[in-house]
Amino acid sequence: MLDPRQIRAEPERLKEIVRLRRVDPRKADVDRWLELDEQRRRLQSEIDNLNAEKKQVAAIGKSDPQAAREKGQELRERSREIDGQFDEVTREWNAILEWFPNWIDPDMPIGAGEEDNVEERAWIPVAGYLPPEKLGRANDSAKHMPQTPVHAEETEFKPLHHTELGERLGGIDTLQAGKVSGSRFAYIIGDIAVMQMAIQRLLTDELLRRSYQPIVPPLLVRERALFGTSHFPEGRDQVYEIKTDNVEEPLPLFLVGSSEPTNFSYFMDRTLDEAELPVRLFAVTPCFRSEAGSWGKDVKGIKRVHQFDKIEMNAVTAEGQSAGIYEEFREINEWLLQQLELPYRIVDKCTADAGYLATYRQRDVEVWLSGSREFMEVMTDTNATEYQARRLNIRYRTAEGGGLKHAHTVNDTGVAMGRLLIAILDNYQQPDGSVKVPEALRGLVGKERLAPKQG
RNA sequence: GGAGGGGUGGCAGAGCGGUUUAAUGCGACGGUCUUGAAAACCGUUGUGGGGCAACUCACCGGGGGUUCGAAUCCCUCCCCCUCCGCCA
């Protein structure tokens with residue numbers, strides 16, 4: 001949500017952003033909004049005047065009720081009419097306001113689609129960071145990434161797709177899951193499940209070491225939580241809505257697609273002290289996504305599933321702190337992938353591809369699948385500045401002067417489990433179909449290598 | 001699933017149809033006093049909208065209604081608490 005005063009001050013800049021961010025201009029109609037805004041303010045002052053009159057009449061009524069009655073009834077009629085107009089105007093005013101995207105970072109790359117995303121950096125095990133001249137836009141760095149599984153003992157073999165590796169190792173079963181739950185579900189069993197637990201442990205230990213607060217949030221939430229983070233109204237079809245017949249209250253509940261909405265909603269309608277900011281949190285939760293619109297895409301394996309486990313990192317910050325946290329999250333992302341010795345790149349998302357409305361700046365971290373020779377998104381780091389905090393009404397009292405300000409929110413994927421498992425299977429696969437266990441996980445997994453099941 | 005009680009300013013807590021929208025206490029902030037502090041005393045102390053401003057309007061869990069007039073009466077929803085039942 002934007003500050004209406006700032007929209008009035010800079011309508012042309014907002015129009016430009018609506019265009020750049022590819023928001024539907026019929027929904028985010030700045031001119032129409034300005035028109036309604038003017039009407040609304042006019043009606044508001046009419047209401048104010050009527051109320052002032054009503055007060056006077058009521059005061060007369062104290063001593064002479066009969067005299068007040070007639071005038072009062074007339075005023076009531078008129079204010080009903082104007083209230084009605086005001087409500088109607090406000091409804092449309094709000095509906096448009098909800099579709100305005102956040103202001104953007106002046107340094108956000110301008111572009112028409114993902115081909116215009118800018119590569120910030122790329123890293124390869126042992127070799128380290130690619131020199132800047134090998135980075136570019138779109139997939140420019142791909143040709144400089146390893147072309148065979150990086151951790152394989154030999155290079156002369158045909159790498160397998162993660163689905164096949166997972167099946168051979170007896171650790172990923174999408175067939176049986178299909179019977180039980182339908183397409184895009186999976187059972188993860190045995191050693192691969194242990195590997196997931198080990199990844200979780202690796203990262204949670206690091207986050208605890210950094211004094212991040214763990215939180216176990218509700219996963220079924222009301223509409224306001226999803227609206228607050230701007231997953232609604234845009235992404236309404238991306239979440240599952242629970243049928244209301246068998247829930248206690250008649251309000252609809254939604255399964256979260258990420259713990260971000262529910263974590264930030266922990267602070268909804270609260271006023272924090274500047275001294276306690278930034279608050280850094282992480283949650284380990286399942287995530288549920290309908291994947292409407294991508295049915296038929298990535299149907300193999302566990303790359304795109306309806307349910308997956310994720311560690312989410314969130315921060316509620318003061319005004320000047322969000323940019324720093326945005327970098328801190330990136331550092332943690334890099335730390336994890338370097339621990340696991342997985343090649344990756346970081347992409348600065350351009351205006352047309354920068355996620356939901358709340359985005360002020362956004363980057364993706366993409367693992368390089370050296371077996372499949374493609375990048376795969378595993379983390380998304382987003383600075384939403386005060387956009388979400390306005391919707392959720394999260395404020396803080398400033399240290400000096402005691403004024404109130406909206407907090408900033410920053411969110412990042414700590415790790416998307418399924419996809420990280422894919423990355424490990426792909427990059428650590430061996431010619432015989434076995435998969436080495438990344439060094440950093442060996443202690444917890446208790447094995448150096450996962451072997452295919454016989455037969 | 002059943003029965004009952006309750007939601008008022010940062011907190012506690014009065015008000016239950018008309019002493020401008022909220023008593024009183026605590027806390028917080030400023031001041032007096034003091035070498036300093038405490039105590040005492042004096043003053044200030046909610047949020048949001050509109051306006052350059054003086055100012056003005058709204059808000060007593062949310063929404064709707066009755067009334068000249070609602071924190072106060074009615075309806076409805078939400079939330080919290082207590083007891084019974086069921087349950088990992």
Side-chain angles (χ1 to χ4, degrees), chain A residues 1-9 11 33-98 100 216-228 241-242 244-254 262 265-277 285-286 386-387 389-407:
Chain A
M1 197 67 69
L2 299 182
D3 180 354
R5 277 170 294 207
Q6 205 179 344
I7 303 173
R8 283 175 209 136
W33 185 87
L34 289 169
E35 208 176 291
L36 291 163
D37 187 53
E38 205 145 307
Q39 283 179 38
R40 208 177 90 96
R41 280 190 284 172
R42 205 193 63 235
L43 289 167
Q44 180 68 66
S45 79
E46 278 187 55
I47 290 171
D48 286 355
N49 291 337
L50 275 172
N51 283 340
E53 273 192 75
K54 278 202 269 187
K55 276 187 174 177
Q56 287 175 8
V57 172
I60 294 169
K62 257 186 296 183
S63 53
D64 186 357
Q66 195 52 45
R69 206 151 285 153
E70 195 182 336
K71 180 69 179 161
Q73 277 171 353
E74 184 197 320
L75 285 174
R76 197 165 61 195
E77 287 303 305
R78 267 174 59 203
S79 74
R80 274 207 180 134
E81 196 182 310
I82 300 204
D83 283 350
Q85 290 175 28
F86 180 81
D87 288 348
E88 201 177 314
V89 168
T90 300
R91 197 169 313 121
E92 199 191 339
W93 180 88
N94 248 323
I96 297 173
L97 186 60
E98 284 172 10
F100 289 149
V216 180
L219 302 181
L220 281 166
V221 297
R222 292 187 178 164
E223 184 163 4
R224 185 168 169 211
L226 290 158
F227 174 76
E241 180 171 354
I242 301 304
T244 51
D245 329 11
N246 51 355
V247 295
E248 250 180 307
E249 274 96 33
L251 288 177
L253 285 172
F254 302 86
T262 181
S265 295
Y266 178 69
F267 300 93
M268 176 196 285
D269 293 329
R270 289 190 173 173
T271 302
L272 308 166
D273 277 323
E274 183 162 18
E276 56 187 314
L277 300 177
T285 72
E386 60 172 38
Y387 192 92
R390 273 186 179 278
R391 287 190 175 187
L392 288 170
N393 189 27
I394 304 172
R395 296 179 299 174
Y396 66 96
R397 202 171 290 283
T398 55
E400 286 302 312
L404 290 174
K405 282 188 171 172
H406 288 279

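In what follows, every chain begins at residue 1, and chains take the letters A, B, ... in the order their sequences are listed.
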key: Per A:Arg395 side chain, nearest of listed nucleotides B:C68, B:C57, B:G48   = B:G48
inquiry  = Distance check needed: B:G62 P versus A:Arg222 CZ, whole Å only.
reply    = 15 Å
task = With RNA chain B as reference, determine whether A:Gln73 or A:Asp87 sits nearer its 5' end, using the nearest nucleotide of each.
result = A:Asp87
request  = Scan every strand shown for a Watson-Crick or G-U wobble partner of B:G85, both distances under 3.5 Å, and answer none if you come up empty.
outcome  = none
request  = Report yes if at least one side-chain N or O of A:Arg76 is closer than 4.0 Å to OP1 or OP2 of B:C68; otherwise report no.
outcome  = yes
ask   = Within less than 4.0 Å of OP1 or OP2 of B:G50, is there a side-chain N or O belonging to A:Arg40?
value = no
request  = Specify the separation, in whole Å, of atom CD of A:Glu70 and atom P of B:U67.
outcome  = 15 Å
ask   = Counting any heavy atom closer than 4.0 Å, what does A:Ala52 reach on the DNA or RNA strands: base, sugar-phosphate only, or nothing?
value = sugar-phosphate
message = B:G10, OP1 or OP2 - any side-chain N/O from A:Arg270 closer than 4.0 Å?
response = no
query = What interatomic distance, in whole Å, is found between P of B:U35 and the corresponding atom of B:A54?
reply = 41 Å
key: Residue A:Asn51, side-chain heavy atoms: nucleotide from B:U66, B:C57, B:U47 that is nearest   = B:C57
note = Picking from B:C78, B:C57, B:C68, the nucleotide nearest the side-chain atoms of A:Asp48 would be B:C57
request  = Could you check whether A:Gly72 gets within reach of a base, just the sugar-phosphate, or nothing at all, counting any heavy atom under 4.0 Å?
outcome  = sugar-phosphate
ask   = So, the side chain of A:Asp273 versus the backbone of A:Ala275: is there a donor-acceptor pair under 3.5 Å, distance only?
value = no
message = If I take atom CE in residue A:Met1 and atom P in nucleotide B:G48, what distance separates them, rounded to the nearest angstrom?
response = 16 Å
ask   = Does a nitrogen or oxygen in the side chain of A:Gln44 sit under 4.0 Å from OP1 or OP2 of B:G49?
value = no
inquiry  = Considering every strand and a 4.0 Å limit on heavy-atom distances, what is the contact class for A:Arg42: base, sugar-phosphate, or nothing?
reply    = nothing
request  = With the side chain of A:Leu404 defined as its heavy atoms from C-beta on, choose the nearest nucleotide among B:G48, B:U66, B:C68.
outcome  = B:G48
request  = Return the nearest nucleotide to the side chain of A:Ala58; candidates are B:G48, B:C78, B:G18.
outcome  = B:G18
Euclidean distance for P, B:U21 against B:U72 (whole angstrom) = 14 Å
message = Students often get this wrong, so: under 4.0 angstrom with heavy atoms, is A:Arg5 touching a base, only sugar-phosphate, or nothing?
response = sugar-phosphate
ask   = Expressed in angstrom and rounded to an integer, what is the separation of A:Glu46 atom CD from B:U56 atom P?
value = 20 Å
query = Using 4.0 Å as the upper bound for N to carboxylate O, is an ion pair formed by A:Arg41 and A:Asp37?
reply = yes
message = Counting only side-chain heavy atoms from C-beta out, which of B:G50, B:C68, B:A58 sits nearest to A:Lys55?
response = B:A58
